Each structure stands twice: as C-alpha cells, then as structure tokens.
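For reference, the structure discussed in these notes is given below.
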Amino acid sequence: GQNIDQPTEMTATEGAIVQINCTYQTSGFNGLFWYQQHAGEAPTFLSYNVLDGLEEKGRFSSFLSRSKGYSYLLLKELQMKDSASYLCAPGGDTGFQKLVFGTGTRLLVSP
Amino acid sequence: GAGVSQSPRYKVAKRGQDVALRCDPISGHVSLFWYQQALGQGPEFLTYFQNEAQLDKSGLPSDRFFAERPEGSVSTLKIQRTQQEDSAVYLCASSEDRGETQYFGPGTRLLVL
C-alpha cells in the first residue's frame, strides 16, 4: 500500500525559513516530486529528487533519503505569495510516474 | 507556449446526469493523466494514457467513469449517472513522456446536486 505523511498546517513569518517534512511508504519508488498548490488553482511543479541528497533551486530546496523514506522541502526568505499547500508525491515504479499525493501541508505566511 | 487546458472550468450537474470533461494537453506530450481531488485532499490518480492507449485505469472509482484519448491528444473523462460523491475537482496533467514531470491543468470543479 501507499502511505504519505505530512504535517497538515504550518505557519511562518515573512523572511523566515520553513522546512516541510514528508515521510512515505510506497510499493516501488521512482523519485519524489514536490508541488505547490494555491487555493483553487492547479498544482505547479517545484522539484524532483530521484537520488539521495539536496537539490537547490533558488529559494526552494528539496532533500531526499531513499533509505529512510523521507524528504523535505525547504523554503527560504519566505514571501506572502508562498502561502499555499505543498504536496509531496512519490512516483511509483510502474513504468510511468504514477504519483501518489499526500493530503498536503497548508503553509500560512504572515507579515 | 500554452499549458494544459481544461473545460469547462465549472460544472453543476443534477444527480443522475451524465457529464463530459475535456482536457487539452501540452502539444506533443505523450503522457496524459487524470486525477480527482476532493476538498482538503491531495489529488488521487484515476487513469493514464500513453498516446491513445489507456495503460492504467486502476484509479477509476466505478464503471460509471470512462476516459478516452482517441487520437492521442485531447482526452475526455466521462462520468455517467453522476452521484453526489462525484463532486470534486478533476485535474488533468500531461508530460513529455512517461517518466517526466507532470504539468497540471486548472481543473474542472464538478458539483453534483
């Protein structure tokens, strides 16, 4: 079966750093995606990790440990527009990226 | 270039009515996915197409749900005899190939009364 665990909600202030954790158990694994979703909008791609380690992309970084079934998304220099849900999605090893999404972490950035 | 587009953006249906939701993927994208997203939840996989072939439909909740992509581009998700529990946002995503990043459309918000 598939099991993805993320905190439901987090709050932070503008300019701060926040780390959103994700643990997963999946049958087969082919990399892990992070998506951002603003209320009422489509998920937008943030990052993809297939190897262990840290991938940095501007203000956002993503880390993966395959042996621990663990990933995190690190957001630096938070801005108000970063208030959104952040979805962790491991891809399945089924010959295509069969994404299994968690319920997402709703991040609220306050002034 | 244009992203994934979906229509209609909003659909209100009476219980028992049939609905058809359309997805236009990014031009040239081989893979196309449908997801269902209930309020406060993450998207849940429904079905996957590679070109015109439907290779995985394991997420379709019942035989009332049917998807097609006859020419390998535009796809339609059809729901027959809609029920209230079908109310959700239906997201379409496409990718260049089967292992690549998926790009999502804006979704169709379906409300069944």
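So you know, we letter chains A, B, ... as the sequences are listed, proteins then strands, and number each from 1. What you see is a predicted model, and the numbers here were worked out from it, not measured in a lab.
Ion pairing between a basic and an acidic side chain is recognised when a charged N comes within 4.0 Å of a carboxylate O; A/Arg59 and A/Asp82 show such pairing.
For B/Gln37, the part lying near chain A is the side chain, with the backbone staying farther off; criterion is any non-hydrogen pair under 4.5 Å. Of the atoms belonging to A/Leu87, it is side-chain heavy atoms, and not backbone ones, that fall under 4.5 Å from chain B. In this structure, chain A has a heavy atom under 4.5 Å from the side chain of B/Ser58, while its backbone stays farther away.
The main-chain N or O of A/Pro7 is found under 3.5 Å from a side-chain atom of A/Thr105 such that the two form a donor-acceptor pair. Between the side chain of B/Asp24 and the main chain of B/Val74, no donor-acceptor pair closer than 3.5 Å is present.
Considering only heavy-atom pairs separated by less than 4.5 Å from chain B, the leading option among A/Gly102, A/Ala42, A/Pro43 is A/Pro43.
Aromatic rings from A/Tyr70 and A/Tyr24 are positioned such that their centres are separated by 6.0 Å or more.
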